[in-house]
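This report refers to the structure that appears directly beneath it.
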Protein chains: 2
Amino acid sequence: MMKLTDKKIAEIFKALCDENRIKILHLLQTGEKCACHLNDEINVTQPTMSHHMKVLCDSGIVVGRKEGKWIHYSISPDGAKLAADVLKELTNI
Amino acid sequence: MMKLTDKKIAEIFKALCDENRIKILHLLQTGEKCACHLNDEINVTQPTMSHHMKVLCDSGIVVGRKEGKWIHYSISPDGAKLAADVLKELTNI
DNA sequence: TTATTATATAGATAATTTTCTATTTGTCAA
DNA sequence: TTGACAAATAGAAAATTATCTATATAATAA
């Protein structure tokens with residue numbers, strides 16, 4: 001597996017250590033969602049949502065697909081696999 | 001799988017979103033370590049180390065075993081498996 | 001072009017987390 | 001019991017993060 005810095009590993013899991021971001025991931029579990037839809041479900045302002053989506057995308061676990069004015073977010077299978085692999089390696093599972 | 005609150009899920013992954021805690025987990029990869037040994041390797045004061053060990057133990061990923069004056073920490077296979085399962089479930093892997 | 005809508009950015013504040021020093025608690029050995 | 005050592009706790013400061021309001025950017029539609 002590719003060697004990541006400890007800083008990068010922490011960045012990956014930073015995606016998962018906030019309750020609102022966990023809620024967002026739950027919403028993405030059923031497939032791609034537009035940011036505007038996520039806004040309806042999570043009780044934060046639009047700029048706060050934008051911040052959370054940036055953290056999620058920076059981790060690689062989520063990807064955004066721009067389509068006109070909208071951005072459709074979804075779970076990245078590759079990013080998720082990397083996170084799972086790193087966790088496994090880190091904990092010797 | 002057992003149903004966890006979003007707050008609890010965030011608590012699990014909080015263990016993994018700090019660079020020093022990742023370093024600690026790397027040290028535990030080779031087996032149980034005494035807190036005093038971890039202190040030698042990670043450049044923080046004893047109370048700060050104590051704080052990090054608490055966060056790691058609260059997540060369930062690490063367990064401490066008290067032996068006299070010392071506490072020996074190790075990765076909990078059960079805690080690690082739970083974290084891996086939650087991550088898998090959350091990202092549909 | 002102008003208006004409208006989706007998202008991002010800037011900048012500030014509040015909340016949380018990390019870190020420290022000082023002290024306390026618990027355990028063992030003289 | 002006293003001294004030494006390991007770890008935890010209290011309390012404060014520093015750093016980071018989450019959140020907001022206001023504004024800017026980008027894309028579409030009229």
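At whole-Å resolution of the value, CD1 in Ile42(B) and C1' in dT19(C) are 14 Å apart. Whole-Å rounding puts the Met53(B) CE to dT9(D) C1' distance at 17 Å. Taking atom CG on Asp18(B) and atom P on dA15(D), their separation rounds to 15 Å, with Å as the unit. Atom CE of Met49(B) is separated from atom P of dT17(C) by 19 Å (rounded to the nearest Å). Across the protein-nucleic acid pair, Ile22(B) atom CD1 and dT18(C) atom C1' stand 15 Å apart, rounded to whole Å. Rounded to a whole Å, the CG atom of Asp58(A) is 14 Å from the C1' atom of dT17(D). Put simply, NZ on Lys69(B) is 13 Å from C1' on dT25(C), counting in whole angstrom units. Between the CD atom of Glu67(B) and the P atom of dT27(C) there is a distance of 13 Å, given to the nearest Å.
Within 6.0 Å of the CG atom in Asn43(A), the count of heavy atoms belonging to other residues, nucleotides or ligands does not exceed 12. Atom NZ of Lys54(A) has 12 or fewer heavy atoms from other residues, nucleotides or ligands within 6.0 Å.
Of the side-chain N and O atoms in Ser50(B), none sit less than 4.0 angstrom from OP1 or OP2 of dA7(D). A close approach under 4.0 Å does occur between a side-chain nitrogen or oxygen of Thr45(B) and OP1 or OP2 of dC20(C). Between Lys14(A) and dT17(D) there is a side-chain N or O to OP1 or OP2 distance below 4.0 Å.
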request  = Could you please spell out the steps behind the salt bridge (Lys or Arg N to Asp or Glu O under 4.0 Å) verdict for Arg65(B) and Glu67(B)?
outcome  = CA-CA 6 Å; Arg65(B) 180 177 64 82; Glu67(B) 195 182 298; 2.6 Å; yes

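Annotation: side chain of Leu4(A) is in contact with side chain of Ile12(A) (closest heavy-atom distance under 4.5 Å).
Contact annotation for Asn20(B): backbone-only contact, meaning every heavy-atom pair under 4.0 Å involves sugar-phosphate atoms and none involves a base. Heavy atoms of Lys66(A) sit under 4.0 angstrom from primed sugar atoms or phosphate atoms, though from no base atom. Among the protein residues, His52(A) comes within range of the sugar-phosphate backbone only, with heavy atoms under 4.0 Å from sugar or phosphate atoms but none that close to a base.
You'll find a donor-acceptor pair under 3.5 Å spanning the side chain of Gln46(A) and the base of dA8(C), going by distance alone.
Both Trp70(A) and His51(A) lie close to DNA chain D; mapped to their nearest nucleotides by heavy-atom distance, the more 5′-ward contact belongs to His51(A).
Considering only the side chain of Val44(B), dC20(C) comes nearest among dC20(C), dA7(D), dC20(D). When the nucleotides dT19(D), dT7(C), dT21(D) are ranked by their closest atom to the side chain of Thr48(A), dT19(D) comes out on top.
The shortest heavy-atom contact between Ile71(B) and Gly64(B) is CG2-CA, 4.0 Å.
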